[in-house]
Novice: 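One structure coming up, written as structure tokens, with questions to follow.
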Amino acid sequence: MKNFPFYLICLLFIISCKRQSPNTEELDKKVVSKTINALNRSEIAKGNKTIAIIGATLVDGTGNKPLENVLVIIKNDLIDFVGEFSESIIPNGAELVNVEGMTLLPGLIDAHYHGESEKISNLFLKKGITSVRDPGAWNSAYDIARKSGKSIPRLFLTGPHIDSYPPAYPKNSFLIQDPEEGRLAVNKFADEGATAIKVYYRLSIDKIKAICETAHERGIPVTAHLEISNAVDAINAGLDGIEHITSFGTSLLSAEEGERYKNLILADNNARRKGRYEVWNSLNIDNNPKVDSIVSFIVKKKTFISPTLAVFEKKYDKADSLEVNAFTNMLKFVGRLNKGGAKIVVGSHTYAPYAEFGNAYYQEMELLKAAGLTNMEVIVAATHENAKFFRVEKRLGTIEKGKIADLILLRENPLKNLEAMNTVEKVMLNGVFQEF
């Protein structure tokens with residue numbers, strides 16, 4: 001390097017430093033850490049005494065083996081102790097609750113809830129669902145339920161769908177025309193307490209990208225109903241979660257078939273109701289490299305999937321063979337996702353064609369089992385995985401010391417029979433056993 005010009009040496013040194021230094025622009029794009037709280041947090045009664053829950057079988061939500069004859073001590077609204085029963089551990093003056101023969105679980109979390117009335121919200125809490133996220137409603141839609149005086153779950157709301165004209169649901173949509181309007185919408189809803197943002201399927205990828213960037217700057221996740229948007233492109237744009245297994249339909253089709261379906265829906269929103277079954281009926285889930293590729297992609301990206309299978313369920317008593325086969329393929333795809341290691345959560349959609357009023361959540365759990373999840377995996381999807389999706393896993397979703405005391409007691413053990421989920425005996429919210 002003796003004869004090498006000095007200014008070139010300096011230039012090469014500067015270039016080398018830039019390559020080795022972290023990109024400050026990329027550093028600025030990191031997701032902001034934020035404590036996410038339910039909108040009705042301050043309205044939920046807080047426990048004010050010590051309660052010792054004695055003798056239950058514990059399924060703690062982590063996926064660990066169940067523990068028998070446990071002692072769980074609640075102090076005010078927090079879990080203070082979890083372990084083997086011993087009288088010496090119980091504090092003096094504690095209220096003793098003997099639940100020998102019952103099963104203790106974390107409160108269930110619903111990732112896809114549409115129950116604005118106090119009646120259904122109170123019923124869901126009675127069924128053991130202690131936290132819900134409505135991905136697409138104005139916050140004011142829950143005002144009556146919040147002021148009713150009835151106990152309701154923790155409300156994690158998103159504000160209305162962010163969509164483009166013409167919206168599928170005008171009542172619950174906020175329309176944008178460009179990425180900048182998307183950024184403004186996110187900031188508006190975040191300022192109003194949104195715990196996540198929901199994007200709808202008429203949005204282009206550039207709008208989704210702007211929305212995700214802004215939401216992440218505000219410390220909240222983004223989930224989406226895609227239907228006609230390419231799921232891979234949308235996830236690459238920054239999505240944290242996908243609502244509805246049907247959101248992957250166009251991504252599994254050929255480009256030509258995908259565009260045909262897209263044009264059909266763009267011309268008529270309601271065409272998706274039959275069209276989605278035609279799409280899924282045409283798919284080969286068992287031997288399809290595209291399926292393998294998308295499953296690997298979703299796992300790599302750590303995207304949460306809320307299949308909402310119960311709302312799409314079809315049986316021969318109410319459907320034709322095309323729809324039944326299409327639903328079978330949806331089940332198979334969820335099974336492939338689970339086998340591949342994807343993050344699956346439970347979202348009920350609140351109402352489902354084959355579920356009694358109030359039981360859509362249980363039906364979704366049963367269908368996840370039918371798709372290939374074990375009973376334990378379904379319970380984890382309903383608790384810990386959903387808490388992670390909501391970004392509240394440090395406070396909710398498992399039964400561990402220091403976490404908020406949202407618990408349910410079942411008369412039967414759901415690890416032996418998942419139908420036992422519908423044997424809820426007691427519900428504790430925020431350290432308080434509820435009365436219904």
Novice: Return the minimal non-hydrogen interatomic distance between I79 and I404, and the atom names on each side.
Specialist: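 Taking every non-hydrogen atom into account, CD1-O, 3.9 Å.
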Novice: Before you tell me yes or no, could you show the steps for Y201 and I265 under side chain to side chain contact (heavy atoms under 4.5 Å, CB included), namely the whole-Å CA-CA distance, both residues' side-chain angles and the distance that decides it to 0.1 Å?
Specialist: CA-CA 10 Å; Y201 60 76; I265 307 309; 3.7 Å; yes
Novice: Does W280 have its ring centroid less than 6.0 Å away from the ring centroid of F312?
Specialist: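 No, they do not, as the ring centres are separated by 6.0 Å or more.
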Novice: Who pairs with Y361 by ring pair (Phe, Tyr, Trp, His ring centres under 6.0 Å), at least two apart in sequence or on another chain?
Specialist: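 None.
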Novice: Is K198 salt-bridged to D134, going by a charged N under 4.0 Å from an acidic O?
Specialist: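 No.
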Novice: OH of Y169 to NE2 of H114: how many Å apart, nearest 0.5 Å?
Specialist: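 Interatomic distance, Y169 OH to H114 NE2, rounded to 0.5 Å: 8.0 Å.
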Novice: Examine K315 relative to Y354 and say whether NZ or CZ is less than 6.0 Å from the centre of the six-membered ring and inside a 45° cone about the ring axis.
Specialist: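 Verdict for Y354: a cation-pi partner in K315.
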Novice: Counting heavy atoms not belonging to K34, are there more than 12 under 6.0 Å from its NZ?
Specialist: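 Atom NZ in K34 is packed in, count exceeds 12.
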Novice: Compare every heavy atom of A271 with every heavy atom of L264, then report the nearest pair and how far apart it is.
Specialist: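 Nearest pair, atom of L264 first, then A271: CG-CB, 3.8 Å.
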Novice: Just verifying a value: how many Å separate L155 CG and S121 OG, rounded to the nearest 0.5 Å?
Specialist: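 Output value for this atom pair is 6.5 Å.
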Novice: Check for me whether the distance between the ring centres of H349 and Y113 falls short of 6.0 Å.
Specialist: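 Centroid distance H349-Y113: not below 6.0 Å, so no.
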Novice: Identify the heavy atoms of K314 and Y277 that sit nearest to each other, and give their distance.
Specialist: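 The pair with the smallest heavy-atom distance is CE-OH, 3.3 Å.
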Novice: Tell me whether D406 is salt-bridged to R154, with the criterion being a basic N under 4.0 Å from an acidic carboxylate O.
Specialist: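 Judged by the 4.0 Å cut-off on N to carboxylate O distance, D406 and R154 do form a salt bridge.
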Novice: Between E419 and Y362, is the side chain to side chain contact (heavy atoms under 4.5 Å, CB included) condition met? List the steps.
Specialist: CA-CA 8 Å; E419 290 181 1; Y362 300 153; over 6 Å; no
Novice: Taking only Lys NZ, Arg NE, NH1 and NH2, and the carboxylate oxygens of Asp or Glu, determine whether K332 and D286 approach each other closer than 4.0 Å.
Specialist: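 Between D286 and K332 there is a salt bridge, with a charged N closer than 4.0 Å to a carboxylate O.
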Novice: When you look at S131 and L396, which way does the side chain to side chain contact (heavy atoms under 4.5 Å, CB included) test go after all the steps?
Specialist: CA-CA 9 Å; S131 293; L396 296 170; 3.9 Å; yes
Novice: Quick check on R411: does its CZ atom have over 12 non-hydrogen neighbours (other residues, nucleotides or ligands) under 6.0 Å away?
Specialist: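 Yes, CZ of R411 has more than 12 neighbouring heavy atoms, counting only those of other groups under 6.0 Å.
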Novice: Can you confirm whether more than 12 heavy atoms, excluding those of I205, are under 6.0 Å from its CD1 atom?
Specialist: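 Correct, the count exceeds 12.
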Novice: Are K343 and F389 in a cation-pi contact, defined as NZ or CZ under 6.0 Å from the six-membered ring centre and within 45° of the axis?
Specialist: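 Verdict for F389: no cation-pi partner in K343.
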Novice: Could you tell me whether H161 and H225 have their ring centroids closer than 6.0 angstrom?
Specialist: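 They do not qualify: ring centres at least 6.0 Å apart.
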Novice: Is the count of non-hydrogen atoms from other residues, nucleotides or ligands lying under 6.0 Å from E68 atom CD greater than 12?
Specialist: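 Counting neighbours around CD of E68, 12 or fewer heavy atoms of other residues, nucleotides or ligands fall under 6.0 Å, so no.
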Novice: For T223 versus L239, what's the shortest heavy-atom pair and its separation?
Specialist: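 Residues T223 and L239, closest heavy atoms: C-CD2, 4.4 Å.
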Novice: Is a donor on one side and an acceptor on the other found under 3.5 Å between the side chain of S148 and the backbone of K150?
Specialist: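 Side chain of S148 to backbone of K150: a pair is present.
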Novice: Looking at V424 and V427, what are the two nearest heavy atoms and their distance?
Specialist: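 Nearest heavy atoms, V424 then V427: CG1-CG2, 3.6 Å.
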Novice: Using a strict 4.0 Å threshold on nitrogen-to-oxygen distance, state whether K65 and D60 make a salt bridge.
Specialist: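 No, K65 and D60 are not salt-bridged.
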Novice: For a ring pair (Phe, Tyr, Trp, His ring centres under 6.0 Å) check, start with the C-alpha distance between F174 and F189, then their side-chain angles and the critical distance, and finish with the verdict.
Specialist: CA-CA 10 Å; F174 188 91; F189 299 138; 5.2 Å; yes
Novice: With a 3.5 Å distance limit and no angle check, can you tell me whether R41 reaches the backbone of A38 through a side-chain donor-acceptor pair?
Specialist: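 Checking the backbone N and O of A38 against the side chain of R41, no donor-acceptor pair under 3.5 Å is found.
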Novice: How long is the span from the CG atom in D77 to the CD1 atom in I44, to the nearest 0.5 Å?
Specialist: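 The CD1 atom of I44 is 10.5 Å from CG of D77, to the nearest 0.5 Å.
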Novice: Does CD belonging to E400 count more than 12 external heavy atoms closer than 6.0 Å?
Specialist: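 Counting other residues, nucleotides and ligands, CD of E400 exceeds 12 neighbours.
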Novice: So does K274 have more than 12 non-hydrogen atoms from other groups sitting under 6.0 Å from NZ?
Specialist: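 It does: K274 NZ has more than 12 such atoms within range.
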Novice: For A111 versus E243, what's the shortest heavy-atom pair and its separation?
Specialist: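 Heavy atoms only, the tightest pair is O-OE1, 4.0 Å.
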Novice: For a salt bridge (charged side-chain N to carboxylate O under 4.0 Å, His left out) check, start with the C-alpha distance between K401 and D80, then their side-chain angles and the critical distance, and finish with the verdict.
Specialist: CA-CA 5 Å; K401 179 180 171 63; D80 189 62; 3.5 Å; yes
Novice: Out of R183, Q177, E181, which one pairs with P179 under the side-chain contact (heavy atoms from CB on, under 4.5 Å) rule?
Specialist: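 Running side-chain contact (heavy atoms from CB on, under 4.5 Å) over R183, Q177, E181 with P179 returns exactly one hit, R183.
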Novice: Does the salt bridge (charged side-chain N to carboxylate O under 4.0 Å, His left out) test come out yes or no for D178 and K207, once each step is laid out?
Specialist: CA-CA 6 Å; D178 55 45; K207 296 186 184 78; over 6 Å; no
Novice: Check this for me: F436, atom CZ, are more than 12 non-hydrogen atoms of other residues, nucleotides or ligands nearer than 6.0 Å?
Specialist: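 Result for CZ/F436: enclosed.
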Novice: Is it the case that the side chain of S173 and the backbone of D163 share a donor-acceptor pair, with hydrogens and angles ignored and the cut-off at 3.5 Å?
Specialist: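 Not confirmed, S173 side chain does not pair with D163 backbone.
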Novice: Using side-chain contact (heavy atoms from CB on, under 4.5 Å) as the criterion, point out the one residue from T423, I379, V378 that pairs with P414.
Specialist: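 The passing option is I379.
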Novice: Please name all residues satisfying salt bridge (Lys or Arg N to Asp or Glu O under 4.0 Å) with D292, sequence neighbours left out, ordered by chain then number.
Specialist: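 In terms of salt bridge (Lys or Arg N to Asp or Glu O under 4.0 Å), with neighbours along the sequence ignored, D292 is linked to R336.
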Novice: Decide, yes or no, whether a salt bridge links E118 with K147 under the criterion of side-chain N to carboxylate O below 4.0 Å.
Specialist: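 Judged by the 4.0 Å cut-off on N to carboxylate O distance, E118 and K147 do not form a salt bridge.
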Novice: Once rounded to the nearest 0.5 Å, what's the spacing between atom OG1 of T158 and atom CH2 of W138?
Specialist: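 Interatomic distance, T158 OG1 to W138 CH2, rounded to 0.5 Å: 10.5 Å.
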Novice: First locate atom CZ of F357, then atom CD1 of I120, and finally report the distance between them rounded to the nearest 0.5 Å.
Specialist: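 These two atoms lie 3.5 Å from each other.
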Novice: State whether F433 and K426 meet the cation-pi test: NZ (Lys) or CZ (Arg) under 6.0 Å from the six-membered ring centroid, and within 45° of the perpendicular axis.
Specialist: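 Because its charged atom sits under 6.0 Å from the ring centre and within 45° of the axis, K426 does stack over F433.
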Novice: Give a yes or no on whether K46 atom NZ has more than 12 heavy-atom contacts from other residues, nucleotides or ligands under 6.0 Å away.
Specialist: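 It does not: K46 NZ has 12 such atoms or fewer within range.
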Novice: Quick one: do R260 and E257 satisfy salt bridge (charged side-chain N to carboxylate O under 4.0 Å, His left out)? Show the steps, please.
Specialist: CA-CA 5 Å; R260 191 177 300 125; E257 291 169 324; 5.2 Å; no
Novice: Is there a donor-acceptor pair closer than 3.5 Å between any side-chain N or O of N288 and the backbone N or O of N284?
Specialist: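 Here the side-chain-to-backbone pair exists.
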Novice: Carefully, step by step, assess F333 and V291 under the rule side chain to side chain contact (heavy atoms under 4.5 Å, CB included).
Specialist: CA-CA 8 Å; F333 186 61; V291 170; 4.0 Å; yes
Novice: Hey, mind stepping through E412 and K416 against salt bridge (charged side-chain N to carboxylate O under 4.0 Å, His left out) and telling me if it holds?
Specialist: CA-CA 8 Å; E412 299 174 21; K416 296 178 180 177; over 6 Å; no
Novice: Is there a donor-acceptor contact under 3.5 Å from the side chain of N76 to the main chain of L78?
Specialist: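 No; zero donor-acceptor contacts below 3.5 Å.
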Novice: Going by salt bridge (Lys or Arg N to Asp or Glu O under 4.0 Å), name the residues that satisfy it together with R276, two or more places apart in sequence or in a different chain.
Specialist: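 With sequence neighbours excluded, R276 shows a salt bridge (Lys or Arg N to Asp or Glu O under 4.0 Å) to E227, given in chain and number order.
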Novice: Mind checking the OG1-CD1 spacing from T303 to I294? Nearest 0.5 Å is all I need.
Specialist: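 The OG1 atom of T303 sits 11.5 Å away from the CD1 atom of I294.
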